[in-house]
Amino acid sequence: MRKAVILAGGTGTRLSPMTKIVNKHLLPVGRYPMIYWSLFKLQEANVKDILIITSRDHLDSFQQLLGDGKEFGVRLSYAVQEEASGIAAALSIAKTFVQNEKFLVLLGDNLFDDKLTPFIEEFKKQEDGAYILLKKVQNPNRYGIARIDEKTNKVYELIEKPNIKGPAYCVTGIYMYDPTVFSFIEQVSPSTRGELEITDVNLIYVKRQAMAFSFLKEWWIDAGTPESLFEANYHYFTRERAAGGYDD
């Protein structure tokens, strides 16, 4: 797999007032801006061709910080999402970039330790369809939850923030798609929030029995709230200190 899309737009309302002037993906996590961790993971997996989708207000900041990607050993290009109209709407912008290839999508505020390579290799074995990564959580009412059949390795139901007690498997912001995803995006309608929801797109794959999955085994977090951003910083600083990367 050669191509990946990092979605780094949105308004970051849960992190306001910091995000009134700074895109949340540029906030510090450990010693780097948050967006670096997605790039490190793609570089580690030898995914070289990367599109970053962000808002017009913050495009210059990303370009000044990251340039053409040479510093990371990748090729970066950029696109603008004019309105915060949902993950699926942002993803639709990548159609020309992706063309007819399978590709990987990262939500830029999802941080994780697992290597992507084994999951990419599994997805390559699929002729078509989609592939998502799941993580066991104890508070499923905060997440989109997948119900799965481990015998067939298929997702058979997706539920947004169900009123159930844990544990359950949440859908992380790591997706892999075939190019038919763009035609599926055209089939969904805006939700009550006025957004094109990625869950609605994924449900089309689920109904076609074309949504496979694997589990993240190591640390993962959605760093979109002040509490989780703090946890992410603690994780990376602790890891670096244990490796001798920081002086006391």
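Nothing fancy with the numbering, it's 1 onward along the sequence.
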Could you walk me through whether Asp113 and Trp220 satisfy the side-chain hydrogen bond (donor to acceptor under 3.5 Å, both in side chains) test, starting with their C-alpha distance in whole Å, then the side-chain angles of each, then the deciding distance to 0.1 Å, before giving a yes or no? CA-CA 7 Å; Asp113 282 349; Trp220 165 85; over 6 Å; no

Is there a side chain to side chain contact (heavy atoms under 4.5 Å, CB included) between Val188 and Ile204 once you walk through the steps? CA-CA 9 Å; Val188 301; Ile204 298 175; 4.0 Å; yes

Pair Asp222, Arg14 - check salt bridge (Lys or Arg N to Asp or Glu O under 4.0 Å), show working. CA-CA 12 Å; Asp222 171 358; Arg14 294 180 298 171; 3.7 Å; yes

Working for ring-ring contact (aromatic ring centres under 6.0 Å, His included), residues Tyr236 and Trp219: CA-CA 11 Å; Tyr236 285 111; Trp219 176 86; 5.4 Å; yes

Could you go through Leu104 and Ile120, starting from their C-alpha distance and side-chain angles, then the distance that decides it, and tell me whether this counts as side chain to side chain contact (heavy atoms under 4.5 Å, CB included)? CA-CA 8 Å; Leu104 188 149; Ile120 291 172; 3.9 Å; yes

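Using cut-offs of 30° and 60° on the angle between ring planes, the pair Phe123 and Tyr131 is tilted. Aromatic ring pairs are classed by plane angle as parallel below 30°, tilted from 30° to 60° and perpendicular above 60°; the pair Tyr205 and Phe184 is perpendicular. The aromatic rings of Phe182 and Phe103 lie parallel to each other, their planes meeting at an angle below 30°, with 60° marking the opposite boundary. Using bins of under 30°, 30° to 60° and over 60° for the plane-to-plane angle, the ring pair Phe72/Tyr36 lands in the perpendicular bin.
Remark: Lys102 NZ to Arg2 CZ distance equals 14.0 Å, nearest 0.5 Å. Considering CE of Met176 and CE of Met211, their distance stands at 11.5 Å, rounded to 0.5 Å. Taking CG of Leu91 as the reference point, atom CD1 of Ile198 lies at 5.0 Å (rounded to 0.5 Å). Here the NZ-CG distance, from Lys24 to Asp109, works out to 3.5 Å after rounding to the nearest 0.5 Å. Residue Ile145 holds its CD1 atom at 8.0 Å from CD1 of Ile159, rounded to the nearest 0.5 Å. Put simply, CG on Leu158 and CG on Leu203 are 5.0 Å apart, with the number rounded to the nearest 0.5 Å.
Formation of a donor-acceptor pair under 3.5 Å by the Thr172 side chain with backbone atoms of Leu133 is found in this model. A distance-only check finds no donor-acceptor pair linking the side chain of Lys154 to the backbone of Ile148 [under 3.5 Å]. Using a distance-only test at 3.5 Å, with no hydrogens or angles considered, no donor-acceptor pair links the side chain of Glu195 to the main chain of Glu197. Between the side chain of Gln81 and the backbone N or O of Gly86, at least one donor-acceptor pair lies under 3.5 Å. Of the possible donor and acceptor atoms, none in the side chain of Ser214 sits under 3.5 Å from a partner among the backbone N and O of Phe119. Within the 3.5 Å criterion, the main-chain N or O of Lys161 finds no donor-acceptor partner in the side chain of Asn141. No donor-acceptor pair closer than 3.5 Å links the side chain of Asp49 to the backbone N or O of Leu76. Looking at Asn233, its side chain does come within 3.5 Å of a backbone N or O of Leu229 through a donor-acceptor pair. Within the 3.5 Å criterion, the main-chain N or O of Leu216 finds no donor-acceptor partner in the side chain of Asp114. Checked by atom type and distance alone, the side chain of Trp37 pairs as donor or acceptor with a backbone atom of Val29 at under 3.5 Å.
Cluster membership check: Val181 does not share its hydrophobic cluster with Val47, using side-chain heavy-atom separations under 4.5 Å among Ile, Leu, Val, Met, Phe, Trp and Tyr. Under a hydrophobic-cluster definition in which Ile, Leu, Val, Met, Phe, Trp and Tyr are linked whenever side-chain heavy atoms come within less than 4.5 Å, directly or via other members, Met18 and Val22 are assigned to the same cluster. Under the 4.5 Å side-chain heavy-atom criterion for Ile, Leu, Val, Met, Phe, Trp and Tyr, Tyr175 and Ile93 are members of the same hydrophobic cluster. By the rule that hydrophobic residues join a cluster once side-chain heavy atoms approach within less than 4.5 Å of another member, Ile132 and Met1 end up as members of separate clusters. Taken together through direct or relayed side-chain contacts under 4.5 Å among Ile, Leu, Val, Met, Phe, Trp and Tyr, Met34 and Leu66 form part of one hydrophobic cluster.
Summarising the geometry of Ile164 relative to Pro140, their closest heavy-atom pair is O-CG, 3.4 Å, with the distance given to 0.1 Å. Ala8 and Ile52 make their closest contact through CB-CG2, 4.2 Å (heavy atoms, listed as atom of the first residue, atom of the second, distance). Contact record, Ala45 with Thr117: CA-OG1, 3.5 Å, taken as the closest heavy-atom pair. In terms of heavy-atom proximity, Ala88 sits nearest to Ile185 at O-CD1, 3.5 Å. The two residues Leu111 and Ala223 make their nearest non-hydrogen contact at CD1-CB, 3.9 Å. In plain terms, the two heavy atoms of Tyr143 and Cys170 that are nearest each other are CB-CB, 3.5 Å.
Taking the six-membered ring for Trp and the full ring otherwise, the centers of Tyr78 and Phe62 sit at least 6.0 Å from each other.
With contacts defined as side-chain heavy-atom distances shorter than 4.5 Å, the pair Glu150/Phe215 qualifies. In this structure, the side chains of Ile53 and Val5 come closer than 4.5 Å at one or more pairs of heavy atoms. Proximity of Leu15 to Pro226: side-chain heavy atoms (C-beta onward) are separated by under 4.5 Å at one or more points. The side-chain heavy atoms of Val105 and Ile87, taken from C-beta on, include no pair separated by under 4.5 Å.
Residue Phe230 qualifies as open at atom CZ: its count of foreign heavy atoms under 6.0 Å is 12 or below. For CD of Gln209, the number of neighbouring non-hydrogen atoms (other residues, nucleotides, ligands) closer than 6.0 Å is 12 at most. Within 6.0 Å of CZ in Phe40 there are more than 12 heavy atoms belonging to other residues, nucleotides or ligands. For Glu83, the CD atom counts as loosely surrounded, since its 6.0 Å shell holds 12 or fewer non-hydrogen atoms of other residues, nucleotides or ligands.
Side-chain contact, Thr225 with Ser228: a donor N or O sits under 3.5 Å from an acceptor N or O. Side-chain polar atoms of His58 and Ser55 form a donor-acceptor pair below 3.5 angstrom.
At least one test fails for Lys135 against the ring of Tyr169: distance under 6.0 Å to the centre or angle within 45° of the axis.
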